[in-house]
Amino acid sequence: MIRSELIQKIADENPHLVQRDVERIVATVLDEIIDALARGDRVELRGFGAFSVKKRDARVGRNPRTGDAVDVEEKYVPFFKTGKLLRDRLNGEA
C-alpha cells in the first residue's frame with residue numbers, strides 16, 4: 001500500500017472527512033514520526049510496532065563491481081520492530 005492508497009482508504013471509511021483533511025492528517029502523522037526519529041526518540045504504535053534509530057559504525061565495505069575496499073562512514077538508520085498483534089495477524093494466529 002502506498003500513501004495515496006492509504007489516504008483513499010481512510011477517506012472512504014470516513015465519509016464525514018474531506019479528502020484534503022485526510023491527506024493533511026496522514027502527512028502530519030508521518031512528519032511527526034520522522035521528526036521524533038530525527039531527535040533520536042522512539043515511536044511506538046501499540047499493536048503495530050516501534051520505530052527507532054540505530055547507529056551503524058564506520059566500516060570497510062566492498063565495491064560490488066570492482067571488489068575494491070571502500071570506507072563507509074558511520075551513520076544512523078531507521079529501524080522498525082513489529083508489534084505482537086501485527087506479527088500474530090501476519091502469521092494467521094489472530
Side-chain angles (χ1 to χ4, degrees):
M1 175 177 280
I2 59 176
R3 181 187 285 214
S4 60
E5 292 171 342
L6 175 63
I7 290 169
Q8 189 60 51
K9 183 156 179 67
I10 293 172
D12 291 346
E13 291 179 3
N14 297 281
H16 62 283
L17 295 175
V18 180
Q19 181 144 353
R20 192 170 310 143
D21 291 339
V22 175
E23 290 173 9
R24 199 174 1 223
I25 291 167
V26 170
T28 301
V29 169
L30 295 177
D31 288 344
E32 285 301 315
I33 291 172
I34 291 168
D35 291 345
L37 292 175
R39 289 190 308 268
D41 295 340
R42 181 173 185 265
V43 177
E44 182 177 335
L45 303 172
R46 294 284 167 130
F48 182 70
F51 297 91
S52 60
V53 176
K54 290 201 175 209
K55 178 182 172 188
R56 291 217 177 132
D57 292 329
R59 62 185 171 83
V60 176
R62 296 261 173 230
N63 181 329
R65 279 194 190 168
T66 63
D68 294 340
V70 178
D71 290 330
V72 179
E73 297 177 2
E74 84 172 14
K75 59 186 167 185
Y76 294 90
V77 294
F79 178 76
F80 177 75
K81 181 176 180 185
T82 58
K84 184 174 180 347
L85 180 63
L86 175 59
R87 251 189 332 268
D88 289 348
R89 289 200 50 191
L90 290 175
N91 293 308
E93 297 172 14

Checklist entry - In the single-linkage hydrophobic clustering (I, L, V, M, F, W, Y; side-chain heavy atoms under 4.5 Å), do Leu90 and Leu45 co-cluster? => result yes
Checklist entry - How far apart are the closest heavy atoms of Val22 and Ile7, and which atoms are they? => result CG1-O, 3.5 Å
Checklist entry - Do NZ/NE/NH1/NH2 and the carboxylate oxygens of Arg24 and Asp21 come within less than 4.0 Å? => result yes
Checklist entry - Cluster question for you: counting only ILVMFWY and a side-chain heavy-atom cut-off of under 4.5 Å, with indirect links fine, are Val43 and Phe79 together? => result no
Item to check | Short side-chain to backbone donor-acceptor contact, Arg42 and Ala50, under 3.5 Å | outcome: no
Item to check | Distance-minimising heavy-atom pair for Leu30 and Arg3 | outcome: CD1-NH2, 3.3 Å
Checklist entry - What do the steps show when you test Glu44 against Arg46 for side chain to side chain contact (heavy atoms under 4.5 Å, CB included), and what is the final call? => result CA-CA 6 Å; Glu44 182 177 335; Arg46 294 284 167 130; 2.8 Å; yes
Next on the checklist: Testing the basics here: between Thr82 and Leu86, what is the closest heavy-atom pair and its distance to 0.1 Å?
Outcome noted: CG2-CD2, 3.8 Å
Next on the checklist: Just verifying a value: how many Å separate Glu93 CD and Lys84 NZ, rounded to the nearest 0.5 Å?
Outcome noted: 7.0 Å
Item to check | salt_bridge(Glu13, Lys9) N-O dist < 4.0 Å | outcome: yes
Checklist entry - Are the side chain of Asn14 and the backbone N or O of His16 linked by a donor-acceptor pair below 3.5 Å? => result no
Checklist entry - With the 4.5 Å side-chain cut-off for hydrophobic clustering, are Met1 and Ile10 part of the same group? => result yes
Item to check | Under 3.5 Å: donor-acceptor pair, side chain of Glu32, backbone of Val29 | outcome: no
Checklist entry - Taking all non-hydrogen atoms of both residues, which atom of Gln19 and which atom of Ala11 are closest, and how far apart? => result OE1-CB, 4.4 Å
Checklist outcome for this item: Between Val53 and Leu37, the two heavy atoms sitting closest are CG2-O, 3.3 Å
Next on the checklist: Hydrophobic clustering (ILVMFWY, side-chain heavy atoms < 4.5 Å, transitive) - are Val26 and Leu17 grouped together?
Outcome noted: yes
Next on the checklist: Quick test of your reading of the model: are Glu73 and Lys75 salt-bridged, counting only N-O distances below 4.0 Å?
Outcome noted: no
Checklist entry - Are Tyr76 and Val72 connected in a single hydrophobic cluster, I mean Ile/Leu/Val/Met/Phe/Trp/Tyr linked by side-chain heavy atoms less than 4.5 Å apart? => result no
Checklist entry - If you draw a 6.0 Å radius around CZ in Arg59, do more than 12 non-hydrogen atoms from other residues or ligands fall strictly inside? => result no
Next on the checklist: A quick test of your reading: do over 12 heavy atoms of other residues, nucleotides or ligands sit less than 6.0 Å from CZ of Arg87?
Outcome noted: yes
Item to check | Distance-minimising heavy-atom pair for Gly47 and Leu85 | outcome: O-CB, 3.4 Å
